[in-house]
Structures are given as structure tokens and as C-alpha cells.
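Notes for the one structure printed next.
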Amino acid sequence: MSASLTLNDITPLSIPGVESGYPIVVAGPCSAETLQQTLDTAKALSAAGVKVFRAGIWKPRTMPGGFEGVGDIGLHWLAQVKRETGMMVATEVATVEHVRAALDAGIDILWIGARTTANPFAIQDIADALQGHGDVAVLVKNPVNPDLDLWLGALQRIRNAGITRLAAVHRGFSSAGQHLYRNDPQWHIPFELRRLAPSMTILCDPSHIGGKREFVEPLSQLALDAGFDGLMIECHCDPDRALSDSAQQVTPGALSTILKKLVVRSGIPVEDELGLLRQQIDDCDHELLAVLARRMSVSREIGRFKKAHNLRVVQPARYQDIMKARIEEGDSLGLSSDFTQSIMQTIHEESVRQQLDLLNETS
Ligand code: PEP
Ligand code: MN
């Protein structure tokens, strides 16, 4: 049976205090660091109308040596947030022990992080630990790699464990090279998830996609316009001193301003064909620019080699060969020879210009 079949019956996640048609906002620090920081941030967020507080206490860090979270003591801090503000509280779980400890502490929402979603063994262990706890809500972030099936498989495993309060979180995908955003959004992947599980709540995490606080607002608006049901936003009372993900966290005040500015539109169908196609065009352009930047850096490397060996920058025979081969290749891909030729000429001109600049440098 395909995973999509049983994801069909997932009902939207409802959060007390969030009216239907309005985005669910989950906000809070990347990591709980101290009781004071946790409470200060939570109280300010609650005053701004946020109903779900997030804080990581077991932090999956890509590299060893970073801040790996405060651990179990953070569960008491989250319980205190719940008591003092009435907000629902959410934390990340990555192991069976985390699940058990979080359930014992009365955490309302567990989320599964991108690094964990990529590992079906870990997901199955978590799913097994969730059996019999059908009242807890679980958010499943997309895996770090752009693989929709891994994401679907993780959602399906959690669903099969009897969890019906299930939602997905889109946080972008790791990709090689320099990009505008920290994690490449590849919007077509959550859009396809939406098509396969039309009634499931899908949140967007603009903080981990953008990686910088200035991207939070535009990405949040984009996500709402594209039909996401809500946002998970990292928020810290003193972001510049945050022990993890400092650059992308916003203050509760900034978040409150962003939330007031966001336009919640109704009736924008998520299946809006034109919107989906335009998003694919944007994705292609980001890829194109990244490839062009990579090509120019190789070209400068060649320029340095030519300079060191006293070779001419323009090698006409090589240029003719490249042009002929690229036009043939373009032709086989359905691109007209004029189009391929003019693009290759422009790229070549820029390569030559950069190599000549290198040659003329005095050092
Ligand atoms: C987080 O939400 O702090 C986190 C670790 O996110 P992700 O799994 O998306 O990297
Ligand atoms: Mn984070």
C-alpha cells in the first residue's frame, strides 16, 4: 500500500485559541538555555498571542563540541511555562528515552527533527515508544535531504503508531554550495506532500530555511500565501547571545511586529497551478545561479593556471569545440541552437573577462 493512501485520513491539527483559517504559530528559542531565558521568552510570546511554545532541550548538532542542550532539566522549565502562561509546549525528541521523558513531563507536542526523519530506524523506534499515547501531537520535520518518500515514510510510521494529531513541518533541505538561504526550500516537495495528504496540517519553519533573521518575515508571508497552515519560528529574548542558531532568531517584540504585518489571505487554493509553476521557476533560477557561480570559480582557477604557465587566455580551438558540443547537447534537450549559442557566448565572455582581470593583477 502506498504511504499516501493512509495519510489521506489525517485531520487538521487544532490548537485551542487558534481560530480556524488562522495560522498556527509555534514560537520559542532554538534551545532552552536557562530557566530565566525560557520564561522571559515564553511570557513575551504569550503576551503577543502565541499559543504554542517551542524549545529544544536535546539538540542534534551537526558538529561535536557545540551546545547540545540542557537535557532533562529543560522538561521542568517547559512544564513551568505551561503552568505560568497556559501555552502548549513543544520539544524535539530523537530517541526512545526522549519520548518517554517528554511524555512523563506532560509535553503537549513532540517534534521530530530533520536529522532524525532521515533515519527510518530511529523513526520506527520513536513510533514504537509512542504506541498507546494517541493524545500527544507530533510534528515531523522534513528530512535534511530532499526526499519526499523519507518524509512520507516517517509520517506514516508515526500515524501507524496511533498518532492522529500529526502535522508536517517544512524546514528546507541541506544542499552543497553557497545559496541565498541556509536550507534550500524546494517548495515543490511540500506542495507534493499537500497533494498527497490534503487535510494534514503543514507548517513552515522560515527560521531554518532562511538562516538569517531578516528572511523570517518574507518567508513567512510567502509560506502563508502558498497555503501553509502555520509557522514555526525561532524566537529568543536575547538572540545575539543565543547558544545555537543565533543569526536566525528574532526577539519576541520583532516576532509580534511580524505577526501583525503578515497578511492572512483566504481562499488561495494551494493547488493554484500558476503559483506552483512559478515556484518551480524560482527553484530553477536559484539552481542556475549556483551552478554559474561554481563555473566561474572553476574558470578563475583555470585563469590562475594559465597565468602561472604563461598561456593565452583565449584558446580559440577549445572555444570552438565547447560551442559545438554544447549546441549539440542543447539540441538533444530541446533547446534551440541560437539560444544555447547566445547563453554560452555570454558565459564565455564573462569567463574571459575574469581571467583577463586575473592576468592583469600585479601580484
Ligand atoms: C530546531 O528546530 O531547532 C532544529 C534542530 O531543527 P531542524 O531539525 O529543522 O534542523
Ligand atoms: Mn534551531
Side-chain angles (χ1 to χ4, degrees), residues 24-33 37-38 41-42 45 50 52-64 66-71 74 77-78 88-95 98-99 102 107 109-119 122-123 126 137-147 150-151 154-155 158 167-175 179 181-186 189-190 193 202-213 215-216 219-220 223 228 230-251 255:
I24 295 171
V25 177
V26 179
C30 177
S31 306
E33 297 164 4
Q37 166 253 3
T38 305
T41 310
L45 286 172
V50 172
V52 187
F53 182 72
R54 61 146 282 158
I57 59 175
W58 300 289
K59 299 303 296 178
R61 305 311 299 276
T62 302
M63 303 299 285
F67 174 62
E68 294 189 332
V70 293
W77 302 348
L78 286 173
M88 293 179 97
V89 290
T91 200
E92 173 171 352
V93 291
T95 67
H98 296 165
V99 173
I107 302 297
I109 301 180
L110 311 182
W111 87 78
I112 298 177
R115 293 158 191 78
T116 308
T117 307
N119 178 353
I123 293 290
I126 290 172
V138 180
L139 311 180
V140 180
K141 288 196 165 195
N142 63 257
V144 275
N145 50 326
D147 183 335
L150 266 180
W151 199 2
L155 285 158
I158 303 297
V169 183
H170 172 49
R171 49 77 80 200
F173 301 92
S174 298
S175 56
H179 293 273
Y181 297 133
R182 177 180 178 192
N183 287 298
D184 190 0
Q186 305 229 12
I189 295 181
L193 178 65
I202 308 181
L203 308 181
C204 179
D205 172 345
S207 310
H208 287 90
I209 292 178
K212 291 200 185 118
R213 59 187 69 118
F215 291 136
V216 170
L219 283 169
S220 297
F228 283 82
L231 304 163
M232 181 188 261
I233 299 180
E234 285 193 339
C235 191
H236 190 295
C237 53
D238 189 0
D240 288 333
R241 289 202 217 166
L243 298 181
S244 58
D245 288 352
S246 166
Q248 70 197 32
Q249 301 204 61
V250 294
T251 60
L255 182 72

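Every number for a ligand or one of its atoms is a count from 1 in the order of the listing.
Here the side chain of W151 pairs a donor or acceptor atom with the backbone of V140 at under 3.5 angstrom. Proximity of a side-chain donor or acceptor of D184 to a complementary backbone N or O of F173 within less than 3.5 Å is not detected. Under a 3.5 Å cut-off, the side chain of N145 and the backbone N or O of S174 do not form any donor-acceptor pair.
The distance from atom CE of M232 to atom CG of L203, rounded to the nearest 0.5 Å, is 7.0 Å. Here the CG atom belonging to D205 is positioned 9.5 Å from the OG atom belonging to S220, to the nearest 0.5 angstrom. Of the inter-residue distances, the one linking L150 atom CG with T117 atom OG1 reads 8.5 Å to the nearest 0.5 angstrom. Taking CZ of R182 as the start and CG of D245 as the end, the distance is 4.5 Å to the nearest 0.5 Å.
In summary, the atoms of ligand 1 found under 4.0 Å from a heavy atom of R54, numbered by their order in the structure, are 1 (C), 2 (O), 3 (O). Taking every non-hydrogen atom of G113 and a distance limit under 4.0 Å, the qualifying atoms of ligand 1 come out as 8 (O). Less than 4.0 angstrom separates some heavy atom of E92 from each of these atoms of ligand 1: 4 (C), 5 (C). Distances below 4.0 Å separate heavy atoms of C30 from the following atoms of ligand 1: 3 (O). Close approach of ligand 1 to K59 is summarised as follows: ligand atoms under 4.0 Å from at least one heavy atom of the residue are 1 (C), 3 (O), 5 (C). Close approach to R115 involves these atoms of ligand 1, each under 4.0 Å from a residue heavy atom: 7 (P), 8 (O), 10 (O).
By the 4.0 Å N-to-carboxylate-O rule, D240 lies close enough to R213 to be salt-bridged with it. Salt-bridge annotation for E234 and R54: present, with a side-chain N of the basic residue lying under 4.0 Å from a carboxylate O of the acidic one.
Looking at D245 next to ligand 1, no N or O pair under 3.5 Å apart turns up.
Here the angle at the Mn ion (ligand 2) defined by SG in C30 and OD2 in D245 stands at 100°, rounded to 10 degrees.
Distances from the Mn ion (ligand 2) to the N/O/S atoms of H208 are shortest for NE2. Sorting the N, O or S atoms of E234 by how far they are from the Mn ion (ligand 2) puts OE2 first.
Of all protein heavy atoms, the one lying nearest to atom 9 (O) of ligand 1 is R171 NE, 2.6 Å. Nearest protein neighbour of atom 8 (O) of ligand 1, counting heavy atoms only, is A114 N, 2.8 Å. In this structure, the protein non-hydrogen atom closest to atom 6 (O) of ligand 1 is K141 NZ, 3.0 Å. Of the protein's heavy atoms, H208 NE2, 3.5 Å lies nearest to atom 4 (C) of ligand 1.
Heavy atoms of E234 approach ligand 1 to within less than 4.0 angstrom.
Ring geometry, Y181 versus F215: the interplanar angle exceeds 60°, so the pair is classed perpendicular (tilted spans 30 to 60°).
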